[in-house]
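This report refers to the structure that appears directly beneath it.
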Amino acid sequence: MQLDDLLQRYFATTDLSGVAPDTLSAGIEHCRVDLGLEEDRGKRFALWSFLHMFGSAPDLDVAFENEEDREAARNFMDLLAASEGDGAC
């Protein structure tokens, strides 16, 4: 899954600057539904990560049955948190 493809699928654009709040909300909800239906672990992780970046990801114990997937998600969150501090000036 490519970020541009996900943006296009859920928000009908790759440029979020012009997305209306209703469109953003509807796209996030659509993605949450897709996450709930997805059975492939890798795709589930990609969708969960995408939702996490929008502040809309479900809790780890809800999103992932496998502890390895939950740990990977924790690592992802830690990496994002660490990178947010890198560019602050």
Taking atom CG of Leu80 and atom CD of Glu84, what is their separation to the nearest 0.5 Å?
6.5 Å

Donor-acceptor contacts under 3.5 Å from residues 62-73 side chains, at least two apart:
from	atom 1	to	atom 2	distance (Å)
Asn66	OD1	Glu68	N	2.6
Glu67	OE1	Arg70	NE	3.0
Glu67	OE1	Arg70	NH2	2.8
Glu67	OE2	Arg74	NH1	3.0
Asp69	OD1	Arg41	NE	3.3
Asp69	OD1	Arg41	NH2	2.7
Asp69	OD2	Arg41	NE	2.9
Arg70	NH1	Phe64	O	2.7
Arg70	NH1	Glu65	O	3.0
Glu71	OE1	Arg74	NH1	3.1

Side chain to side chain, Leu47 and Leu6, heavy atoms closer than 4.5 Å:
yes

Is there side-chain contact between Leu35 and Lys43, with at least one heavy-atom pair below 4.5 Å?
no

Under the rule for side chain to side chain contact (heavy atoms under 4.5 Å, CB included), what residues qualify as partners of Ala46, not counting sequence neighbours?
Met1

Contacts under 3.5 angstrom, residues 23-33 side chains, donor-acceptor by atom type, not counting sequence neighbours:
from	atom 1	to	atom 2	distance (Å)
His30	NE2	Asp34	OD2	3.4
Arg32	NH1	Ser56	O	2.3

List in chain and number order the residues that pass side chain to side chain contact (heavy atoms under 4.5 Å, CB included) with Leu3, two or more places apart in sequence or in another chain; answer none if no residue qualifies.
Leu7, Phe50

When you measure from the side chain of Glu38 to the backbone N and O of Asp40, does any donor-acceptor pair fall under 3.5 Å?
yes

Heavy-atom closest pair, residues Val19 and Thr13:
CG2-CG2, 3.4 Å

Ignoring hydrogens and geometry, is there a side-chain-to-backbone donor-acceptor pair from Trp48 to Ala57 under 3.5 Å?
no

Can the ring centroids of Phe54 and Phe11 be said to lie less than 6.0 angstrom from one another?
yes

Can you tell me which residue pairs pass the salt bridge (Lys or Arg N to Asp or Glu O under 4.0 Å) test with a partner in residues 12-24, sequence neighbours excluded?
none

